[in-house]
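Below you'll find the structure, written out as structure tokens, and then a few comments.
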Amino acid sequence: MKSDELRQKFLDFFKKRGHSIIPSASLIPENDPTVLFTTAGMHPLVPYLLGENHPEGKRLTNCQKCIRTGDIDDVGDDTHLTFFEMLGNWSLGDYWKEDAIKWSFEFLTKELKISIERLAVSCFAGDADAPKDDESAKIWESLGIKKERIAFLPKEDNWWGPAGKTGPCGPDTEMFYWKLNDKPVPEVFDAKDKNWVEIWNDVFMQYVKDEEGNYNLAKQKNVDTGMGLERLAMVMQKVPTVFKTDLFDPIIKKVLELSGKSCQKGEGCNCSDEVKKSVRIIADHLKAATFLISEGVVTSNLGQGHIVRRLIRRAVRFGKKLEIKNSDWVKEIAEIVVKNYRNVYPELEKNIKFIAEELSKEKEKFEKTLESGLKEFEKLEKVSGKDAFDLYQTYGFPIEITQELAKEKGINVDIDEFGKEMEKHQELSRTASAGMFKGGLADASEQTTKLHTAAHLLLAALRQVL
Ligand code: SER
């Protein structure tokens with residue numbers, strides 16, 4: 001089943017059950033300064049989970065664009081991604097565990113016809129903050145999930161949220177799929193066995209975490225569910241990795257074509273693991289960067305812009321490893337991303353020129369220094385904070401790239417000293433810009449200063465409106 005069809009099936013299923021389909025929110029959270037990106041479908045809904053009325057009602061569903069930077073280092077295995085889409089349904093103080101679990105089960109086993117034999121679930125084991133979730137386990141049993149396929153796990157595994165530092169959260173119940181075809185499905189569910197792939201998470205948001213770290217009972221009991229579209233596509237398309245689903249296949253093929261490699265490591269393929277990892281990282285990172293730039297995020301040394309820079313630069317480094325020669329390769333990959341997603345996310349096609357320009361600009365900038373930076377790096381036997389800072393300052397190596405290079409070489413980076421060097425540098429540039437401002441307006445009359453301030457306010461307003 002194609003991903004476009006999966007997306008639509010999910011939304012239609014919940015629409016039939018009284019949910020309003022809402023559009024994906026931006027990748028940049030509007031109301032949460034504590035995190036850089038939207039990491040889950042519930043994230044833009046926090047005010048409504050806390051009790052505000054949503055204009056579309058108490059039952060919502062959507063497919064949300066998400067970015068998780070915590071997983072960047074895991075990209076390259078079969079399931080981890082930086083950008084992914086999350087299918088979700090929500091009850092804002094409306095239905096509770098019984099309906100949520102029943103519908104998840106029905107969607108998986110009836111709508112998608114996944115065999116119940118291949119499914120297992122986990123429930124919250126209970127602790128000082130909240131009781132054991134026997135209620136969910138009983139519902140699963142009543143639907144036909146055997147006791148041996150139900151695991152009770154602690155907070156680290158079966159509790160979700162808050163998305164930022166504070167906010168709605170609660171125990172969850174997760175659904176797993178046995179992915180191997182050449183081994184029988186084990187009778188007993190072992191959550192540590194990586195062949196059980198987590199596909200869906202139903203969170204029962206009954207608590208609100210406060211600044212002090214306390215879990216307080218929420219005014220309203222909500223359901224928040226999330227299912228990664230890429231993992232679901234992997235299951236439904238019967239492929240061993242998300243990179244072989246139709247959400248990635250055309251992008252991977254393009255990277256392979258550009259690098260002159262003929263296949264992707266998998267059944268019957270003899271590419272090295274290193275090639276496989278490089279190809280996957282390039283596809284993942286440039287997809288994420290393409291989506292971010294389509295929302296107006298441009299490269300910089302701070303916040304979201306730093307992440308886009310880091311993603312592009314890391315992709316460029318792996319492109320060099322694969323010896324990609326074509327000078328337009330970054331742009332060509334972005335064009336495939338746009339083509340693959342343009343029907344679902346029109347902002348991609350609308351901004352295609354801007355995306356291509358931003359990507360190419362950053363690639364060229366980094367390429368100018370990458371080779372000499374690598375030569376400098378090769379000379380090092382250990383990386384002091386000063387070395388790491390020089391690589392950053394002179395050659396544009398984000399610290400994460402230096403750390404990755406060091407790991408490959410089996411040497412250390414003095415990260416504390418690097419932090420101190422950065423602070424010193426920021427202190428210097430702050431003083432410099434304060435001086436500049438003083439230089440510009442030091443002799444101005446009160447009137448000129450006021451006009452200057454007004455000009456800044458006007459510019460800021462224009463920037464917001466336009
Ligand atoms: N917020 C939960 C998650 O991200 C369910 O959507 O897994």
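Order of appearance sets the numbers: ligands from 1, and atoms from 1 within every ligand. Not measured: the values here are computed from a predicted model. Residue indices begin at 1 and follow the sequence shown.
Listed by number with element, the atoms of ligand 1 under 4.0 angstrom from any heavy atom of Val203 are 2 (C), 5 (C). Heavy-atom contacts of Met42 reach the following atoms of ligand 1: 1 (N) (cutoff under 4.0 Å). For ligand 1, the atoms lying closer than 4.0 Å to a non-hydrogen atom of Asn201 are 2 (C), 3 (C), 5 (C), 7 (O). Counting atoms of ligand 1 from 1 in the listed order, those under 4.0 Å from a heavy atom of Ala40 are 1 (N), 4 (O).
Residue Arg68 has at least one nitrogen or oxygen atom sitting less than 3.5 Å from a nitrogen or oxygen atom of ligand 1, judged on distance alone. For ligand 1, one of its N or O atoms has an N or O atom of Gly226 under 3.5 Å away.
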Before giving the answer on salt bridge (Lys or Arg N to Asp or Glu O under 4.0 Å), spell out for Arg280 and Asp78 the whole-Å C-alpha distance, their side-chain angles and the decisive distance to 0.1 Å. CA-CA 9 Å; Arg280 289 176 174 188; Asp78 287 335; 3.1 Å; yes

Under the criterion salt bridge (Lys or Arg N to Asp or Glu O under 4.0 Å), I'd like the reasoning laid out for Arg314 against Glu404: C-alpha separation, chi angles, the key distance, then a yes or no. CA-CA 10 Å; Arg314 188 159 182 241; Glu404 188 171 43; 2.5 Å; yes

Just do the salt bridge (Lys or Arg N to Asp or Glu O under 4.0 Å) check on Lys420 and Glu417 with the steps written out, would you? CA-CA 5 Å; Lys420 283 184 197 138; Glu417 199 197 340; over 6 Å; no

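The one candidate from Phe189, Trp140, Trp196 that meets the ring pair (Phe, Tyr, Trp, His ring centres under 6.0 Å) condition with Phe176 is Phe189.
At least one heavy atom of Met86 sits less than 4.0 Å from an atom of ligand 1.
Counting heavy atoms closer than 4.0 Å to ligand 1, residue Glu198 contributes nothing at all. The proximity of Thr225 to ligand 1, defined as any non-hydrogen pair under 4.0 Å, is limited to the backbone.
A donor-acceptor pair under 3.5 Å links the side-chain atoms of Arg231 to the main chain of Glu198, judged by distance alone. The backbone N or O of Lys331 sits nowhere less than 3.5 Å from a side-chain atom of Asp328 that would complete a donor-acceptor pair. In this structure, the side chain of Thr245 engages the main chain of Val242 through a donor-acceptor pair within 3.5 Å.
The nearest heavy-atom contact from the protein to atom 1 (N) of ligand 1 is Asp224 OD2, 2.8 Å.
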